[in-house]
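To start, the structure under review is shown below, and the notes come after it.
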Amino acid sequence: MAFLIIILFLLTVPPSSSALMPTKQQPDDHLDLTKGKWKLLKRSIGVSAMHMALLPNDRIITFDRTDFGPSNITFSFEKCPLESDCYAHSVEFYPSKREVRPLTILSDTWCSSGALLPDGVLIQSGGNNDGERVVRTFNPCDDCDWVENRNGLVSPRWYASNQLLPDGKVIVVGGRRQFTYEFIPKSSTSGRQFKEYQLPFLKETLRTDPFPNNLYPFLHLNTDGNLFVFANDRAILLDYMHNKVVRRFPVIPGGVSRNYPSTGSSVLLPMNLSGTTKTVSPVAEVFICGGTVPEAIDKALADIFVVGTKSCGRLRLNDENPKWEMTEMPLARLMGDMLLLPTGDVLIINGATRGAAGWNLAREPVLNPVLYKPGSKTFHTMNPTTIPRMYHSSAHLLSDGRVIVGGSNPNSNYNFSALFPTELSVEAFSPPYLFGPKPRPNITAIKPGVNLVHEQRIEVNFRWKNHGRKLEPGKVYVTMVAPSFTTHSFSMNQRVLLVEMAEIRQRSAENYVAVCLAPATVEVALPGYYQLSVVYDGIPSRSNWVRLGN
């Protein structure tokens, strides 16, 4: 009888799909570490990481959707929500200890959006069904849980995008059949606060109602405070305060769509603040990669899987006559995640070669990340993972310089026997800068402290084991990375600033001080938390969390 119970238990509890696939990497002595290294962190965190955010306590918050069916993690009996079963669909994951804590989400978070508020609270908006107007917040503490406001949005927001703003509010743009934007959190449920604003651009870029190619629009705050909005194959600069389009950018060449379900990715390239002031802004340049032709989803529904694009485009937002500068990745890719590293390089990771985003509509996983160096405009192919990361995968930069990768569920529920099974594992990719003969800087102190104000003089003390070599001041720089909210191949709110350096002083044999200036304007450096790193000769220190602004 006991044997039968064990067999029934094994048949009813789904395994992590990574257990069904090889996860062993090449031995280190046979691995080319100049192309990075992969490591499995946990075979199952209990949920598939459709959405991912990093908090200033270095915990990862991740979640999928509440109507996926039973997950692989449950609450203890006394903590089961009264409104639902005991299965959790959100977890807090602590990478350094590989610990998982189940969290309570009651409304449907499927294909929603989010941002980290200036006070470190994660705000998260929309979803599907009973979650489409919900705004949720999560405060980083040891026993905190999600708090839900069921009437936090004016309109349903499914496949919308978020961007933090200089005043600490978050703009929520678009969503399925929503050609508007609004702001959260709201301080009231009526009047001016509870209002939305028309954005006809989203209707102009709509392909068809079933397959829009303009969902999860790419948002980046420009240095002048206006909002760059990219949808399908074109972009505008929006004065959201006055509901006015102040600039229309040229169509990106190539006949390729970039937003869901064609699904490329986008970043605002690192901004060098040297020589900038309140009146002299840094160069703001958007970089967009991947996607596919508009008809790819129609063909995928007919089991014809079109190869995605290799093309990328760079656009300087404030040029007098901005034009797309086109280039190509080494590998065709759609549904890839573009992440900014503390060195200022761009990592392109996850995704597929053929098809489109959606349930089982993609083929040929792209297992090799690609590293892009904006200065030299070159791509470098990295070592591959063994785990396909297809639709509904995600990735995020960690404070130790690694990139955590999770998710992948192109199925409408938890399915561990599909062509691409539901993936519950999380792994870490270590970029090449974590290996090699060059010593890594180590931050020992930040003066006057980790709470910073704009234009402030900062002293970053760091240790560099020189082994008899002389430090070259021109190779030292300090970066500040704004953490993102990642889902559906777009890391919302990520931003990297190369702060202005004043001088480098040597305090003792291996101890130095980098004297630098905090960013000058709130439009360039939004209020909130940043991961601050010292980079020497292309090698970043582990980052320290700092908070900028009131």
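In this chain, residues are counted from 1 in sequence order. Worth saying up front: this structure is predicted, and the values here are computed from it rather than measured. What's counted below: heavy atoms across the whole structure, side chains too, no hydrogens, waters or symmetry copies.
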> Any luck finding a side-chain donor-acceptor pair between Ser125 and Asn162 under 3.5 Å?
Replying inline: yes
>> Keeping Ser393 on the side-chain end and Asn350 on the backbone end, is there a donor-acceptor pair under 3.5 Å?
In response: no
> Between atom CG of Leu532 and atom OG of Ser399, what is the distance when rounded to the nearest 0.5 Å?
Replying inline: 11.0 Å
> Got a second to check how far Arg43's CZ is from Arg98's CZ, nearest 0.5 Å?
Replying inline: 11.5 Å
> At their closest point, which heavy atom of Leu31 faces which heavy atom of Lys37, and how far apart are they?
Replying inline: CD2-CG, 3.7 Å
>> To the closest 0.5 Å, what do you measure between OG1 (Thr276) and CG (Asn272)?
In response: 8.0 Å
> Are Gln506 and Asn511 close enough, and set up right, to give a side-chain contact (heavy atoms from CB on, under 4.5 Å), and what steps lead you there?
Replying inline: CA-CA 6 Å; Gln506 185 170 4; Asn511 292 283; over 6 Å; no
> Is a side-chain N or O of Thr479 found less than 3.5 angstrom from the main chain of Pro342, in a donor-acceptor match?
Replying inline: yes
> Do Arg314 and Leu269 come close enough that some side-chain heavy atom pair is under 4.5 Å?
Replying inline: yes
> Distance from Ser484 atom OG to Leu116 atom CG, nearest 0.5 Å?
Replying inline: 10.0 Å
> Is there a donor-acceptor pair under 3.5 Å between the side chain of Arg495 and the backbone N or O of Val524?
Replying inline: yes
>> Using modelled atom types and a 3.5 Å cut-off, is there a donor and acceptor pairing between side-chain atoms of Ser491 and backbone atoms of Gln494?
In response: no
>> Once rounded to the nearest 0.5 Å, what's the spacing between atom OG of Ser543 and atom CE of Met480?
In response: 11.5 Å
>> Between Ser44 and Gly46 (side chain of the first, backbone of the second, donor and acceptor by atom type, cut-off under 3.5 Å), is there such a pair?
In response: yes
>> We want to know whether His396 and Ser394 form a side-chain donor-acceptor pair, criterion being a heavy-atom distance below 3.5 angstrom.
In response: no
> Just by modelled atom types, is the Pro540 backbone N or O under 3.5 Å from a matching donor or acceptor in the Arg440 side chain?
Replying inline: yes
>> Side chains of Leu227 and Leu219, heavy atoms from C-beta outward: is any pair under 4.5 Å?
In response: yes
> For the residue pair Phe230 and Trp324, does the interplanar ring angle fall in the parallel (under 30°), tilted (30 to 60°) or perpendicular (over 60°) class?
Replying inline: perpendicular
>> Students often mix this up, so state it plainly: with edges at 30° and 60°, are the rings of Trp38 and Phe429 parallel, tilted or perpendicular?
In response: tilted
> Any side-chain heavy-atom pair from Leu548 and Tyr530 closer than 4.5 angstrom?
Replying inline: yes
> Which heavy-atom pair separates Phe93 from Ile45 by the least distance, and what is that distance?
Replying inline: CD1-CG2, 4.1 Å
>> For a 4.5 angstrom cut-off between non-hydrogen side-chain atoms, does Gln163 reach Leu526?
In response: yes
>> Looking only at side-chain N and O atoms, does Gln124 offer a donor or acceptor that is under 3.5 Å from a partner on Thr137?
In response: no
> Using the benzene-type ring in the case of Trp, are the ring centres of Tyr240 and Tyr181 under 6.0 Å apart?
Replying inline: no
> Between the side chains of Asp58 and Trp545, is a donor N or O closer than 3.5 angstrom to an acceptor N or O?
Replying inline: yes
> Is the backbone of Glu423 close enough, under 3.5 Å, to the side chain of Ser408 for a donor and an acceptor to pair up by distance?
Replying inline: no
> Is there side-chain contact between Val172 and Phe183, with heavy atoms separated by less than 4.5 Å?
Replying inline: no
>> Side chains of Arg258 and Ser311: any donor to acceptor distance under 3.5 Å?
In response: yes
>> For Phe228 and Phe249: C-alpha separation, side-chain torsions, deciding distance, then whether ring pair (Phe, Tyr, Trp, His ring centres under 6.0 Å) applies.
In response: CA-CA 10 Å; Phe228 174 85; Phe249 296 99; 5.6 Å; yes
>> If you apply the rule salt bridge (Lys or Arg N to Asp or Glu O under 4.0 Å), what do you find for Glu92 with Arg101, and how did you get there?
In response: CA-CA 5 Å; Glu92 178 187 71; Arg101 181 168 71 96; 3.2 Å; yes
> Does any N or O in the side chain of Thr487 come within less than 3.5 Å of the main-chain N or O of Met50, such that one atom is a donor and the other an acceptor?
Replying inline: yes
>> Given 3.5 Å as the limit, does a donor-acceptor pair link the side chain of Lys169 with the main chain of Leu164, or not?
In response: no
>> Working note: Arg469 + Trp464, criterion side-chain contact (heavy atoms from CB on, under 4.5 Å); need CA distance, chi angles, decisive distance, verdict.
In response: CA-CA 10 Å; Arg469 290 172 291 183; Trp464 181 66; 4.3 Å; yes
>> For a quick check under 3.5 Å, do Ser425 and Arg389 share a side-chain donor-acceptor pair by atom type?
In response: yes
> Going through the checks in order, is the side-chain contact (heavy atoms from CB on, under 4.5 Å) test met by Ile123 and Val135?
Replying inline: CA-CA 7 Å; Ile123 190 167; Val135 171; 3.8 Å; yes
> Around atom CZ of Arg316, are there more than 12 heavy atoms of other residues, nucleotides or ligands at under 6.0 Å?
Replying inline: no
>> For a 4.5 angstrom cut-off between non-hydrogen side-chain atoms, does Thr109 reach Arg136?
In response: yes
> For Leu238, does its backbone N or O pair with a side-chain atom of Arg247 as donor and acceptor, under 3.5 Å?
Replying inline: no
> So, for Phe379 and Tyr372, is the gap between ring centers shorter than 6.0 Å?
Replying inline: yes
>> Under the criterion salt bridge (Lys or Arg N to Asp or Glu O under 4.0 Å), I'd like the reasoning laid out for Glu510 against Lys465: C-alpha separation, chi angles, the key distance, then a yes or no.
In response: CA-CA 6 Å; Glu510 295 183 342; Lys465 294 183 178 181; over 6 Å; no
> Which pair of non-hydrogen atoms, one from Leu165 and one from Val170, has the smallest distance, and what is that distance?
Replying inline: CD1-C, 4.4 Å
> Between Leu122 and Leu55, is a side-chain contact (heavy atoms from CB on, under 4.5 Å) present by the stated rule, with each step listed?
Replying inline: CA-CA 8 Å; Leu122 178 63; Leu55 302 183; 3.9 Å; yes
> Stepwise, does the side-chain hydrogen bond (donor to acceptor under 3.5 Å, both in side chains) test hold for Glu427 with Thr385?
Replying inline: CA-CA 9 Å; Glu427 55 187 334; Thr385 180; 3.0 Å; yes
> For Ala88 and Pro102, which heavy atoms make the closest approach, and how far apart are they?
Replying inline: CB-CB, 3.7 Å
> Checking salt bridge (Lys or Arg N to Asp or Glu O under 4.0 Å) for the pair Glu503/Arg505: CA distance, chi angles, key distance, verdict?
Replying inline: CA-CA 6 Å; Glu503 62 173 321; Arg505 297 199 304 264; 3.2 Å; yes
> Are side-chain N/O atoms of Asn318 and Thr223 paired as donor and acceptor at under 3.5 Å?
Replying inline: yes
> Where is the tightest heavy-atom contact between Val522 and Pro527, given as atom of each residue plus distance?
Replying inline: CG2-CD, 3.5 Å
>> Less than 4.5 Å apart, side chain to side chain, heavy atoms only: is that true for Tyr433 and Leu341?
In response: yes
> When the aromatic ring centroids of Tyr260 and Phe490 are compared, is their separation below 6.0 Å?
Replying inline: no
>> Using 0.5 Å steps for rounding, measure from the NZ atom of Lys310 to the CE atom of Met326.
In response: 14.0 Å
> Which atom names give the shortest non-hydrogen contact between Cys144 and Leu103, and what distance separates them?
Replying inline: O-CD2, 3.9 Å
> Relative to the ring of His51, is the ring of His488 parallel (under 30°), tilted (30 to 60°) or perpendicular (over 60°)?
Replying inline: tilted
> Are the side chains of Val47 and Ile73 in touch, meaning some heavy atoms are under 4.5 Å apart?
Replying inline: yes
